[in-house]
Participant: 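Take a look at the following structure, please.
Here the structure is a predicted model, which means the values were calculated and not measured. When a ligand or atom number is given, it counts from 1 through the structure's own listing order.
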Amino acid sequence: MAMAVLFVFGVTAILEADLCSDKKFSLLPPVNFTIRVTGLAQVLLSWEPNPDQEQRNANLEYRVKINAPQEDDYETKSTESKCVTILHKGFSASVQAILWNHPSPLESSWVSAELKAPPGSPGTSIVNLTCITNTVPSDDPYFRPYQVSLRCTWLVGEEAPEDTQYFFYYRYGSWTEECQEYSKDPLNRNIACWFPRTFISSKGREQLIVHVNGSSRQATIKPFDQLFALHSIDQVNPPKNITAVIDGTCLSIQWQKPISAFPTHCFEYEVKIYNTRKGYFQTEKMTANALTSITDDVSKYSVQVRAAVSSVCRTLGLWSEWSQPIYVGNDEQKPSTEWLLIVLMATLCFALLIFSLICRICHLWTKLFPPVPAPKSDIKDLFVSTNYEKTGSGETETEVVSYVEEPGFEILEDSVF
Ligand SMILES: *[C@@H]1O[C@H](CO)[C@@H](O)[C@H](O)[C@H]1NC(C)=O
Ligand SMILES: *[C@@H]1O[C@H](CO)[C@@H](O)[C@H](O)[C@H]1NC(C)=O
Ligand SMILES: *[C@@H]1O[C@H](CO)[C@@H](O)[C@H](O)[C@H]1NC(C)=O
């Protein structure tokens, strides 16, 4: 071991000594740089060290730069590199040799290679591709307890002729499969695909690659690639065997983990309790498989639970659907004193209202409390003229008596002429 370390050290030292002594020394670029498609959305970059490089290249490394479709760069000691990326926009990369030399590293010039984008107008490709995976119990539980189904849908490209047909493929790891169960649009073009079982691993961390190409007699159909992270398209199943029991004021809810290859500790849950009488929701988030809630009144409750694989086991993904609601409790109400009071008040108000209405209509008020009878006649502004003839006298006396009745009291005016 010590010998080996010494040897490597020695080689490095010799190389460095050579480089320092020879001012004209330069690192030559790799040769035979090729890009080869080795699978759906997968290429293998390979190159050879330059045979004209005189120096022993114990410390030689390579820097790889991906220029398209997405910029990236990394270093490697190997002379090949695998790259997973969409290929329908073409692919181009460069590589250079580097030597970690003291004090500054030596770099060769770059060599580049590219894959041309496949022919066809971008408008002929499919659009709006969405995929969903779901875990189901396997047909053969001894070999493999769970399997994963896949469903993808897309829309026909705007420029795709009517006779276009699309073909759907997925790749997971080294497995590639073509779709066998398509759904079609009215023009018989494939617009969705269903795989009841796939080679996708439930707990896998690799990306799912989807490739959709097509054919038409009128136009070249451009293929389309998309990469999916499994956690972002995995439709988790809802929890199983949910039970809810009310005991006094205690609502106890229990459930089991969903059908999934992930073990129990990988799940988090959300419980939704709906009070049907008061009409409000209560939502609780937890990692346990049971919940006890205090109910403060007699009511009917609907309980639903949903699940997600927590970040303990995988990047947080989608919530499952809510489970079917289960109902507990009884919404027949005991008449409470509160209600009785309200009803009583309402009845009272109503009775008063009716009474006052009748009063108005029948002038009952006036009848009940008639005005104080006037000491004189009811006729207002009565003028009484009386002529007196005094016998034995040639003169005539006229007496005018006038009554003026005013509200509340009466004034008697007597005028004697
Ligand atoms: C580069 O490729 C050519 C032709 O394919 C081959 O003859 C040559 O040996 C290769 N060079 C190296 C260093 O592998
Ligand atoms: C398709 O996707 C585009 C943008 O990604 C969006 O604007 C459009 O509404 C989608 N079409 C349908 C029918 O979903
Ligand atoms: C579509 O892609 C598959 C897989 O790469 C290939 O075998 C097939 O020939 C392609 N079909 C068309 C019409 O391009």
Side-chain angles (χ1 to χ4, degrees), residues 27-57 60 62 78-81 83-91 95-97 108-109 111-113 115-132 150-161 163-180 182-183 185-193 195 198-199 207-228 232-233:
L27 209 53
L28 296 171
V31 296
N32 288 9
F33 179 39
T34 58
I35 301 173
R36 198 155 52 88
V37 177
T38 51
L40 296 183
Q42 176 177 280
V43 289
L44 183 70
L45 316 182
S46 60
W47 57 90
E48 300 294 335
N50 197 308
D52 302 333
Q53 191 81 56
E54 308 127 24
Q55 311 296 337
R56 281 167 286 180
N57 46 20
L60 207 56
Y62 303 95
S78 170
T79 57
E80 59 178 32
S81 168
C83 198
V84 175
T85 183
I86 58 163
L87 297 176
H88 62 262
K89 292 177 179 167
F91 181 88
V95 62
Q96 71 175 176
S108 76
S109 58
V111 284
S112 300
L115 282 181
K116 289 256 179 286
S121 156
T124 58
S125 297
I126 62 152
V127 289
N128 297 39
L129 175 67
T130 59
C131 289
I132 284 283
L150 170 67
R151 181 175 175 78
C152 294
T153 61
W154 57 89
L155 299 175
V156 171
E158 265 182 14
E159 290 171 35
D163 73 333
T164 301
Q165 192 52 285
Y166 290 115
F167 306 102
F168 181 98
Y169 302 80
Y170 82 86
R171 180 173 71 79
Y172 187 75
S174 55
W175 299 96
T176 300
E177 267 196 296
E178 183 182 356
C179 181
Q180 304 298 328
Y182 286 109
S183 306
D185 75 356
L187 291 171
N188 208 36
R189 299 177 293 192
N190 297 333
I191 49 160
C193 176
F195 289 91
T198 60
F199 291 101
Q207 287 178 303
L208 172 72
I209 286 106
V210 164
H211 175 79
V212 185
N213 57 21
S215 68
S216 156
R217 265 180 242 166
Q218 292 157 44
T220 307
I221 305 301
K222 198 179 181 72
F224 181 82
D225 293 332
Q226 193 162 334
L227 275 49
F228 294 97
S232 67
I233 59 164

Participant: Is the F168-W154 ring centre distance short of 6.0 angstrom?
Facilitator: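 Ring centres of W154 and F168 closer than 6.0 Å.
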
Participant: One pair to check against disulfide bond (SG atoms under 2.5 Å apart): C193 and C152. What are the steps and the verdict?
Facilitator: CA-CA 5 Å; C193 176; C152 294; over 6 Å; no

Participant: Could you state the interatomic distance from CD1 (I209) to CG (D225), rounded to the nearest 0.5 Å?
Facilitator: 9.0 Å

Participant: What distance do T130 atom OG1 and Q226 atom CD have between them, rounded to the nearest 0.5 Å?
Facilitator: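 Atom-to-atom, T130:OG1 and Q226:CD are 9.0 Å apart.
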
Participant: Kindly tell me which protein residues have any non-hydrogen atom under 4.0 angstrom away from an atom of ligand 1, grouped by chain and ordered by number?
Facilitator: V31, N32, E48

Participant: Test side chain to side chain contact (heavy atoms under 4.5 Å, CB included) on V156 and Y166 and set out the steps.
Facilitator: CA-CA 9 Å; V156 171; Y166 290 115; 4.0 Å; yes

Participant: Of all the atoms in ligand 2, which lie at a distance below 4.0 Å from a heavy atom belonging to N128?
Facilitator: 1 (C), 2 (O), 3 (C), 8 (C), 10 (C), 11 (N), 12 (C), 14 (O)

Participant: Treating S109 as the side-chain partner and P29 as the backbone partner, does any N or O pair qualify as donor plus acceptor under 3.5 Å?
Facilitator: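 No, because the side chain of S109 does not come within donor-acceptor range (under 3.5 Å) of the backbone of P29.
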
Participant: Can you give me the closest heavy-atom contact between P30 and W47, atom names plus distance?
Facilitator: CB-CD1, 3.7 Å

Participant: Can you list the atoms of ligand 3 that are under 4.0 Å from a heavy atom of L40?
Facilitator: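 Ligand 3 atoms under the 4.0 Å threshold to L40: 4 (C), 5 (O).
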
Participant: Please work out whether any backbone atom (N, CA, C, O) or any side-chain heavy atom from C-beta onward of I221 is under 4.0 Å from ligand 3, and answer side chain, backbone, both or neither.
Facilitator: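 Looking at I221 and ligand 3, no heavy atom falls under 4.0 Å.
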
Participant: Is it the side chain, the backbone, both or neither of L155 that has a heavy atom closer than 4.0 Å to ligand 2?
Facilitator: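 The side chain, only.
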
Participant: Report the part of E178 in contact with ligand 3, treating N, CA, C, O as backbone and CB onward as side chain, heavy atoms under 4.0 Å; options are side chain, backbone, both, neither.
Facilitator: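 E178 to ligand 3: no contact under 4.0 Å from either part.
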
Participant: Is it true that G214 lies under 4.0 Å from ligand 3, counting heavy atoms only?
Facilitator: yes

Participant: Please give me the minimum heavy-atom distance between F195 and C179, naming the atom from each residue.
Facilitator: CZ-CA, 3.4 Å

